[in-house]
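First the proteins, then the strands, lettered A, B, ... as listed; each starts at 1. None of these values were measured; they are calculated from a predicted model.
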Protein chains: 2
Amino acid sequence: MNASAKPERTRLSAEDWEDAALRLIADQGVGALAVEALARQLGVTKGSFYWHFRTREALLQAALERWEQYGEKEIITQIESMPDPLARLPELFRRVAHELAPHRVYAALLKALDHPQVVPVMARVSQRRLEFLTSIYREAGLVPEEALNRARLTYAAYVGFLQLNFTLGLPRISHEEFDAYVEHMIRTLTPG
Amino acid sequence: MNASAKPERTRLSAEDWEDAALRLIADQGVGALAVEALARQLGVTKGSFYWHFRTREALLQAALERWEQYGEKEIITQIESMPDPLARLPELFRRVAHELAPHRVYAALLKALDHPQVVPVMARVSQRRLEFLTSIYREAGLVPEEALNRARLTYAAYVGFLQLNFTLGLPRISHEEFDAYVEHMIRTLTPG
DNA sequence: TCGTTACCATACGCATGAGTATGGATTGCG
DNA sequence: CGCAATCCATACTCATGCGTATGGTAACGA
């Protein structure tokens, strides 16, 4: 009958706080990142927090860097290892379309682009993904300029979809309808 | 040598406050909407504000509704009056691409989708625009389902572009590069 | 076992920002 | 002119949330 329903750890580490911060950011936004709220959620008080971190700002910074590390290395290497360049884009689209969870933090950070601390992180992550997309389009046969613009278009569509259907709840698209949308997107944005 | 560089009005109306609120939202986000800050900017104090509005929430609500009214009627009627259905989409894309100012409030509200008051407004506006886009695609020859999905894709690309290049400052695209991107987008997303 | 280090609770101070109370100034109108 | 209604200033209260000070308890090595 404790205040928190969490696994009742006895002692906490800095990483525990960072993970909790990322969870909170994922479903309430960075604006909701308050130390006393986090402490309650972890079943401790502020006294604990200020032992691990000098300030709230420091926690946010650490959490963001931790998130940036986890990255998207696996999916990038897996896609790049595919022999047929033309098959990479459809596979990539279907993959990212069907794992919604990892995008929740990204969607939350998208809404915090006024915050000075998240801007550089998002800039780096988005830039890396954009370059990856561009290279895939090049390998699929587009000339450099076309590849870059198509990558911009594709990534913008991804980001916009997150905002419109994830955060905002437009008419709540169904599962089959979503699959049809993804296939339409593949036909429209993929060369060949 | 007054605190505010504004036109020095002697008396204010509720509409003045709503306009000021929208300006502030446009370049600092809804989170920065504070009554004392607004009052300073208008050269008055809170005493004035609480005569016109019952609460901060009421101001935000009024400002949002005001913004929703201004709407996009002109551009919609202008596009719909074009005789050639196939020419409408390129024209629409070029038009919205070259007037950046009106999108600033929309971009700011996009980042405030955690806020209960902005969600319904954004849902209505986005839904209307999406239906308009869908009808244009239908008139351009796409079958209903294709038209809807293409409209979703196009609008998502629009929203994502706002986030990536407006709010976030990815490598700061140049003017010529932007025009090339728009033309690429027209070629890719437009039938015919 | 004893002390040192790591971890946490309690109780503060302090700044910010919303909302209230009340009185003063200005405008329109009879 | 003079009185109401309109508009605004000043001076509060109150809640929230960051950060600090300080003392307490659990873990671990010598």
What residues, two or more places apart in sequence or in another chain, satisfy side chain to side chain contact (heavy atoms under 4.5 Å, CB included) together with A147(A)? T134(A), Y137(A), R138(A), L142(A)
Length of the [atom1]-[atom2] vector between [X] and [N], whole Å:
{"X": "W51(A)", "N": "dA26(D)", "atom1": "CH2", "atom2": "C1'", "answer": "13 Å"}
{"X": "Q28(A)", "N": "dG17(D)", "atom1": "CD", "atom2": "P", "answer": "12 Å"}
{"X": "L42(A)", "N": "dC7(C)", "atom1": "CG", "atom2": "C1'", "answer": "14 Å"}
{"X": "F53(A)", "N": "dT20(D)", "atom1": "CZ", "atom2": "C1'", "answer": "18 Å"}
{"X": "R40(A)", "N": "dC8(C)", "atom1": "CZ", "atom2": "P", "answer": "17 Å"}
{"X": "W17(A)", "N": "dC7(C)", "atom1": "CH2", "atom2": "P", "answer": "13 Å"}
{"X": "R56(B)", "N": "dA15(D)", "atom1": "CZ", "atom2": "C1'", "answer": "15 Å"}
{"X": "L33(B)", "N": "dA18(C)", "atom1": "CG", "atom2": "P", "answer": "8 Å"}

So, for Y155(B) and Y158(B), is the gap between ring centers shorter than 6.0 Å? yes
Could you verify whether a donor N or O on one side chain and an acceptor N or O on the other, from T45(A) and Y50(A), lie under 3.5 Å apart? no
Can you tell me which nucleotide in dA9(D), dA18(C), dC8(C) comes closest to the side chain of V44(B)? dA9(D)
Under-4.0 Å salt bridge between [X] and [Y]:
{"X": "E68(A)", "Y": "R128(A)", "answer": "yes"}
{"X": "R187(B)", "Y": "E146(A)", "answer": "yes"}
{"X": "D16(A)", "Y": "R11(A)", "answer": "no"}
{"X": "E177(B)", "Y": "R152(A)", "answer": "yes"}

Respond yes when some side-chain nitrogen or oxygen of T55(B) is under 4.0 Å from OP1 or OP2 of dG19(C), and no when none is. yes
Taking 4.0 Å as the cut-off, does a side-chain nitrogen or oxygen of H52(A) come that near to OP1 or OP2 on dA6(C)? no
Just the atom pairs and distances: protein N or O near nucleotides 20-26 of chain C's N or O, under 3.5 Å.
| from | atom 1 | to | atom 2 | distance (Å) |
| --- | --- | --- | --- | --- |
| dT26(C) | O3' | R11(B) | NH1 | 3.4 |

